[in-house]
**Q** 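Mind having a look at this structure? Questions to follow.
The figures that follow rest on heavy atoms only: side chains count, while hydrogens, waters and symmetry mates do not.
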Amino acid sequence: MKYLIWPISLFIAEYFSTNFPIYYGHRIQIYIYIIFILIALKQLKGEIPKNIFNQKVIMFIGILLVTQLISMVFSYYRIDISEYNKSPIKTFIAFCSFVFSILIHYFVVRLNVKEVRDIKKFLRGGWIALIISLIVCLVQLLYLFLPSVFEPFVEFFGSSLEARWGGRQTDNSFYQLGSYVQTTLRVNGLTEEASNLATQFFVVFIPFLIASIKNKYNLFLSNTQNIGPLYRVLFIIIILLIMAKTTSGFLFAAITLLFLFKQFSKVQKIFAVLCLFSILLFLITINFNSAYMSNSINEFLLNKSGNSVSNRSGSTIALLKTALANPFIGVGYEYHTYYIFEYLPEWAKHNDEYFLRIKQKDYPILSDILGMFAEYGILIMVFIFGYVIKKIKALRKISKEGINLKVKDASLIKTLTDSATYYFIFIFISLLFSFVWFASIYLILFFFFISIIPIFRKYLNDKSKEMTSNFK
């Protein structure tokens, strides 16, 4: 099961028509993870580990539920347009199911990853997930240049494995020709669209790759002998980020190169600069001679649609105003649409996307971090940020102890500590934009980094006692 938790989280297509729990009911992960939890409990003979529940976290969940119910009721009586209003009771029940589903991800990791060897198995599963992602993306990329050869494969991905906005029967224009890549000529992997693929690579895989390269320790294979392939994999991912033809892809590729560059020696830095310069010249040449590359660079980087820019910036301002007007407990889960329309600047109301939102009676959150502050309030968000910072500090302390004790797995601990740091930095950067932050693949890693802290503490305590006993 340890090997499967990560790979399973990749497959986010909607296979079921169940609307409850919200978002997760449509997808296969939640059901498989429940089975994994039941199997783990059976193996533990029904004995739940004592440290699986944290009193402060339980208190936080209680405060979250209470404040959300209050903010929902307030919004319900404040909103005077019925099309944008919701029943606070139904919405609260949906929110409770949402929170419960998130907790399932915690339990599946916590109950299955209990020892250092389980951590290594989980990471090996991450290698499997990475290979699956790369295979799908490379097939899609090859389709762009050899469509007749790879069309059957992308059709299969599109009809069976590809996640889609609106579900399998959607009429979304992204998938009109059979799959996203066939319709838009952009690589999307198994996600809904190219920007989501870029975020997935950036948050899910790149932190582990950069940390492994930095510490010369291959996390996925748990050894120091196979670092070379990681450079090649990271290079392929950077190419895929660029070929996804999305602004976030270009941005994430640049940030990845920046973080990677910091790990190089002087000779490696000179070599990297020469390589980047050569690649830049190559891309410029291709841009003049290839319609595909020219379209990729010009349309999705240099000439962004005015509608898109005004829509995103206007929505961001509206969310900021909403958060400032409702600072402590927010406006409530899923009540953001009314407030975005209410606070949207006038100059952002004269484009096609705005009128589409009016027609749909829905305005999506285009900056997740502002959306969180707007919906949940500063009270909840401060706790979350404080909690994350506390866990990173705990991991760093454990890493230093492992190095001082010179334990066998000190490199593993140090590299995972760096991975966690990169993960939280990258996910914060991604939250400035819009992505499905509550998708299983992000939650699994979040709870993985939380769960390894008590495991490493116990491991170091045992090693310390063992060393003390041997010394005596």
Side-chain angles (χ1 to χ4, degrees), residues 1-10 109 112-135 138 201-238 256 259-265 267-268 271-272 392 395-423 426 441 444-445 447-464 466-467:
M1 292 185 293
K2 289 84 174 176
Y3 294 107
L4 298 176
I5 294 173
W6 193 337
I8 286 170
S9 66
L10 285 174
V109 174
N112 284 282
V113 182
K114 306 182 294 295
E115 301 174 354
V116 172
R117 62 181 178 181
D118 296 333
I119 292 173
K120 294 177 179 179
K121 290 177 181 178
F122 178 88
L123 292 170
R124 187 63 63 91
W127 184 249
I128 295 170
L130 178 56
I131 296 302
I132 293 172
S133 295
L134 289 177
I135 289 173
L138 288 174
F201 274 132
F202 184 60
V203 174
V204 174
F205 297 113
I206 290 177
F208 293 90
L209 292 169
I210 294 179
S212 294
I213 290 170
K214 175 186 176 182
N215 295 283
K216 295 180 174 57
Y217 181 89
N218 189 329
L219 276 174
F220 295 114
L221 303 179
S222 302
N223 62 55
T224 59
Q225 308 300 320
N226 297 295
I227 303 301
L230 300 183
Y231 283 97
R232 293 189 284 274
V233 167
L234 192 54
F235 177 75
I236 292 171
I237 289 176
I238 290 171
T256 300
F259 273 85
L260 185 63
F261 193 75
K262 291 174 63 178
Q263 314 309 325
F264 288 163
S265 64
V267 175
Q268 287 176 319
F271 179 74
I392 291 175
L395 270 174
R396 288 181 175 175
K397 183 179 178 181
I398 290 169
S399 176
K400 289 179 181 178
E401 289 177 9
I403 293 170
N404 291 335
L405 290 172
K406 297 180 181 179
V407 296
K408 177 183 175 183
D409 288 305
S411 294
L412 170 68
I413 299 171
K414 175 65 169 64
T415 311
L416 273 176
T417 298
D418 288 337
S419 298
T421 304
Y422 292 139
Y423 168 83
F426 291 176
I441 199 162
I444 286 298
L445 288 182
F447 291 125
F448 169 72
F449 287 125
I450 301 302
S451 298
I452 63 177
I453 294 174
I455 296 173
F456 283 143
R457 276 181 180 155
K458 182 178 183 302
Y459 171 75
L460 292 180
N461 286 336
D462 291 344
K463 289 296 180 182
S464 180
E466 184 182 315
M467 289 177 183

**Q** Between Phe448 and Leu416, is there a side-chain heavy-atom distance shorter than 4.5 Å?
**A** yes
**Q** I want to check something: taking the side chain as every heavy atom from C-beta on, are Phe202 and Pro207 in contact at a cut-off of under 4.5 Å?
**A**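 Of all side-chain heavy-atom pairs linking Pro207 with Phe202, none is under 4.5 Å.
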**Q** Taking only residues two or more places apart in sequence or in another chain, which ones pass side chain to side chain contact (heavy atoms under 4.5 Å, CB included) with Phe261?
**A** Phe264, Lys269, Ala272, Val273
**Q** For the CD1 atom of Ile213 and the CG atom of Asp418, what is their distance to the nearest 0.5 Å?
**A**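 Rounded to the nearest 0.5 Å, the CD1-CG separation comes to 12.5 Å.
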**Q** Using side-chain heavy atoms (C-beta onward) and a distance below 4.5 Å, is Leu395 in contact with Ile452?
**A**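 Yes, close enough: below the 4.5 Å cut-off.
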**Q** Mind checking whether Thr421 and Arg396 have side chains closer than 4.5 Å, heavy atoms only?
**A** yes
**Q** Indicate the ring-plane relationship of Phe456 and Tyr459, choosing parallel, tilted or perpendicular according to the 30° and 60° boundaries.
**A** perpendicular
**Q** Phe208 and Phe449: aromatic ring centres closer than 6.0 Å?
**A** yes
**Q** So do the side chains of Val204 and Tyr423 get within less than 4.5 Å of each other, counting heavy atoms only?
**A**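 SC-SC contact between Val204 and Tyr423 ruled out.
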**Q** Could you tell me the separation between the NZ atom of Lys458 and the CG atom of Leu460, rounded to the nearest 0.5 Å?
**A** 11.0 Å
**Q** Please report the interatomic distance CD1(Ile403) to OG(Ser411), rounded to the nearest 0.5 Å.
**A**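 Atom-to-atom, Ile403:CD1 and Ser411:OG are 8.0 Å apart.
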**Q** Please lay out, stage by stage, how Thr417 and Ile398 fare under the test side chain to side chain contact (heavy atoms under 4.5 Å, CB included).
**A** CA-CA 9 Å; Thr417 298; Ile398 290 169; over 6 Å; no
**Q** Do Phe205 and Leu445 pass the side chain to side chain contact (heavy atoms under 4.5 Å, CB included) test, and can you show the C-alpha distance, the side-chain angles, and the key distance before you say yes or no?
**A** CA-CA 10 Å; Phe205 297 113; Leu445 288 182; over 6 Å; no
**Q** CD1 of Ile237 to OG of Ser133: how many Å apart, nearest 0.5 Å?
**A** 8.5 Å
**Q** How many angstroms lie between NZ in Lys214 and OG in Ser212, if you round to the nearest 0.5 Å?
**A** 11.5 Å
**Q** Does the side chain of Trp6 come within less than 4.5 Å of Val109's, by heavy atoms?
**A** no
**Q** Using a 3.5 Å cut-off and no angle test, enumerate the donor-acceptor pairs between side-chain atoms of residues 117-128 and protein atoms at least two apart in sequence or in another chain.
**A**
| residue | atom | partner | partner atom | Å |
| --- | --- | --- | --- | --- |
| Arg117 | NE | Glu115 | OE1 | 2.7 |
| Arg117 | NH2 | Glu115 | OE1 | 3.4 |
| Asp118 | OD2 | Lys114 | N | 3.0 |
| Asp118 | OD2 | Glu115 | N | 3.1 |
| Lys120 | NZ | Asp409 | OD1 | 3.0 |
| Arg124 | NE | Phe220 | O | 3.2 |

**Q** Side-chain contact test, heavy atoms from C-beta onward, threshold under 4.5 Å: evaluate it for Leu234 versus Thr256 and give yes or no.
**A** yes
**Q** About how many Å separate CD1 of Ile444 and CG of Leu10, when rounded to the nearest 0.5 Å?
**A**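 Leu10 atom CG to Ile444 atom CD1 measures 11.5 Å (nearest 0.5 Å).
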**Q** Write down the atom of Gly402, the atom of Ala410, and the distance for their closest heavy-atom approach.
**A**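 Heavy atoms of Gly402 and Ala410 come nearest at O-CB, 3.6 Å.
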**Q** Working note: Leu260 + Ile206, criterion side chain to side chain contact (heavy atoms under 4.5 Å, CB included); need CA distance, chi angles, decisive distance, verdict.
**A** CA-CA 10 Å; Leu260 185 63; Ile206 290 177; over 6 Å; no
**Q** Give the minimum heavy-atom separation between Ile450 and Pro454, together with the two atoms involved.
**A** O-CD, 3.5 Å
